[in-house]
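Before any comments, here is the structure.
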Amino acid sequence: MSNPKPATTAAPGNGALLATIIRGQSVIVPILALIVAFAIGAILIAGQGVNPISAYASLFHYAWFSSDGLQVTLLRTAGLALTGLAVAIPLKIGMFNIGAQGQFLVGAITAAFVGYQFGNLPGIPLILVALVGGIIGGAVWGWISGILKAKRNVHEVISTIMLNYVAAQLIDWLLNSYLKAPGQAIPQTPKIVDQAQIGNLGPFPVGFLIAIVLAAFSWWLLRRTVLGFQFGTVGANPEAARYAGVKLPRMYAAGMTLAGGMAGLSGGVQTLGETHYFEQSFAGSLGFDGVTVALLARGNPIGVVPAAFLLASLRAGAPGLQFDLGVQPEIVDLVLAITLLLVSIPILAKLLVRKGATAAPTPAPIEEELR
Amino acid sequence: MSERILDIVGLTKVYGSVRANEDITMHVDRGEIVALLGENGAGKSTLVKQIFGLGRPDAGTITINGDPAKIKDPTDASARGIGMVHQHFQLVPVMTVAENVILGHEPTKGLSLNLSAARALVTEISERHGLAVDPDATIEDLPVGTQQRVEIIKALSRQVDLLILDEPTAVLTPQETDELLAVMKELAAAGTSIVFITHKLREVLAVADRVYVLRRGKTVGEVRAADTDAAGLAQMMVGRSVVLQVDKADPQVGDEVLKVDDLHVLDDRKLPAVNGFTVAVRAGEIVGVAGVEGNGQRELVEAIAGMRRPVSGTVSLSGKDITTADPHATHAAGLGHIPEDREKHGLVSGYSIADNLVLNRFDEPEFTSGVMRDFGAIKENAANWIQVFDIRTPSGELPASSLSGGNKQKVVVAREMSAKPKLLLAAQPTRGVDVGSIEFIHRRIVEARDAGAAVLLVSAELDEILSLSDRIAVVHAGKVVAEMPAAGADRTKIGELMAGGHHEG
């Protein structure tokens, strides 16, 4: 049929404005949630007879301005941002990756192994090989869940949780056998060689810079590329995606592999940049905190960086609360939990949208924005 | 003179900045059948939902049997004599008819359910109103028309003065529709008032006493059915004359494009749905597949499009075997597919109109540069098709969910036409679409034919098949039972063939 050239540009007018308002929700909701959570935290702190303002001041002072504070906070931010991306990317495909923890562990131990085993390599190549090793380790772990979903329709929540256990137990065994550092009481790997350690570039830890670059890359991938469009379509309406010729199994496998790679790199960055050897307990809850970060960022890869920074600051500053004022540091986790709860309540978002915009549904679908 | 059951004055309902209903005034007397007629998005459903207590008016009053008190919720509405049969049935598939009817107000004997009382109730109502149904049948085993009858019995079991039917005939076969219309007349004669929503003019003229025509949330006309005709109603609905008959030239038939040979396909329950279907469509002709819904049409279309793998048989497109090709491959081979369910398959409602206009063309060179999407081209494409298809939206960046049903369908049709398909597979292309858009989409389909596309049209609307097709294949039980040229095809004969000699209910 005829295909006349567009005579007019469809005037954006209030249409574009509406889209902007809806987009704005994804920033407003977490910020409001944070304010409310901090207010509730303040009441609890006040209940202990401490001035909440000075408590929060001490918290952030400790996180940002104490001698090593900012350094530690930024290192934590790097790890959290990367595991946050490991959760945020599958979210776009409609998958919930609970397995960042396992993927992180596999990545961390792989990087540690490379870091002490290939000590004859010079610095930069060794670091690259170790980090890529971490990425591949995590990616394989993520890929297993992806391929299980693609081929056998195994729900990723189940498979990732199970694979977390498998990773932990497997690593426990390795740490007690092949990878055990001789002469150590606690099961741990040998220390990586000096030239494999990554430090700072200017004032910033290298890992932090890597995380920022990858957050930007993820945003670009999800918002600007053909692959990202396919991810988003599968997430928004898998039936329509199938109709449109998107190969769903490939997307599941690709998304989880990418996610696992991010979590694995998080493990690599932590090993090379902070701990310099691997011990089971080093992971802490980094993988699970990735879920918090991704939800706080509402799945937006750029939002993952500030969300990770906030979480890292709270975690790093918590000891300050205890040292300076005797406030239980657990209050930090309480504030986080309340924030997460509030962010997860879709009603809050809906109310906001109804107020701000018109006939729009929940804000969630407007992930995809055109220039 | 007669008793007033429902009286609505100045009703207004606002969603955000959209006035879904504006200053609506209407009434229903005892024993009257009132039709609410209007395009999609005219505010018909919004209006009846408020009568049934699902949503409250922002202004105006609804008076039921002389009582202007606000309707709190559906329970309150039921207590005051309002019954409603929703478009999507609210039945529990694994329970029996009797169990479904008493659900929510179960008669008991001691602590246990009094099922014999329930059965007696169903039998009593079904005999009184001529609604034949077996109280012990399980819902999921019943045809759609019978399920609807159960819904009506359920509503009647609660002493209704006013029965609301939301698009009751949308899911029915022609025979079932006629039966329903007869039941409606009988109920009205027995004193039950009925409000029903439809956009089928024929039904309005067949049963309604009065008609309210809604347009953009307002009542634009109230007319006695006896005083009007189809053309008059259609004009009121869209505000201009509509050509219901499609003008088209004789087909310029070319080479065979689609060849379906002895195709067998299973449905979702793994039961045979398509049983040896054979059809051929040549370039430049429209072949209409006429049939009662559920005779394998959906599975046929999905199999051709690559969304469902056939058990046996072959499908070829311009000589290329696409029997086991996936949707990506069939699209690449030149197949355009207007899916039956635009919300489920045809659109991603949260995506912008622009993205939806390239939904299955996202990786074509025209819309990509390297691994990236070419947003300039996508935007330009949207601006073009929004204009060509007269899609009513202030911006292509708005989500598809902001569009009315007709405009959503235009997005789907525009996209499928934009790829200049060799074969256009059009499944229920105008379902749930307003009259204005129907006319528009019909013209486009004929244009595609004239430009040399082969068109396979699958529709539950016999009128649509008759007015668009060059040839008609009548399908029954997953098989073509007759094929004929459309010129001179006899409506009644096709109806009989569609029914396959077997009668439901």
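Lettering of chains follows the sequences in order, A, B, ..., and the numbering in each one begins at 1.
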* Among B:Ser369, B:Pro339, B:Gly346, B:Gly306, who wins on heavy-atom pairs under 4.5 Å with chain A? -> B:Pro339
* To do: Report the distance from atom CH2 of A:Trp220 to atom CE of B:Met372, rounding to the nearest 0.5 Å.
  => 6.0 Å
* For chain B, find its close neighbours in residues 143-157 of chain A: heavy-atom separation under 4.5 Å, sorted by number, or none. => none
* Structure fact -> One should read off an interatomic distance between A:Arg242 CZ and B:Met307 CE, to the nearest 0.5 angstrom, of 4.5 Å
* **Aromatic ring proximity A:Phe229/B:Phe367, centre distance under 6.0 Å** => no
* B:Phe362 CZ to A:Leu227 CG distance, which is reported to the nearest 0.5 Å -> 9.5 Å
* Give, as side chain, backbone, both or neither, the part of B:Glu343 having an atom under 4.5 angstrom from any heavy atom of chain A. => backbone
* Spacing of B:His345 atom NE2 and A:Asn237 atom CG [to the nearest 0.5 Å] -> 8.0 Å
* Counting a contact as any heavy-atom pair under 4.5 Å apart, which residues of residues 329-338 of chain B contact chain A? -> B:His337
* Identify the two heavy atoms, one from A:Arg223 and one from B:Phe375, that lie closest to each other, and give their separation to 0.1 Å. => O-CZ, 3.2 Å
* Asked: More than 12 foreign heavy atoms under 6.0 Å from NZ of B:Lys218: is that the case here?
  -> no
* Asked: With only heavy atoms counted, which part of B:Glu416 is less than 4.5 Å from chain A, the side chain, the backbone, both or neither?
  -> side chain
* Given that the side chain runs from C-beta out, which part of B:Arg415 has a heavy atom under 4.5 Å from chain A: side chain, backbone, both or neither? -> side chain
* OG1 of A:Thr233 to OH of B:Tyr351: how many Å apart, nearest 0.5 Å? -> 3.0 Å
* Nearest non-hydrogen partners of B:Leu359 and A:Ala244, listed with the distance -> O-CB, 3.3 Å
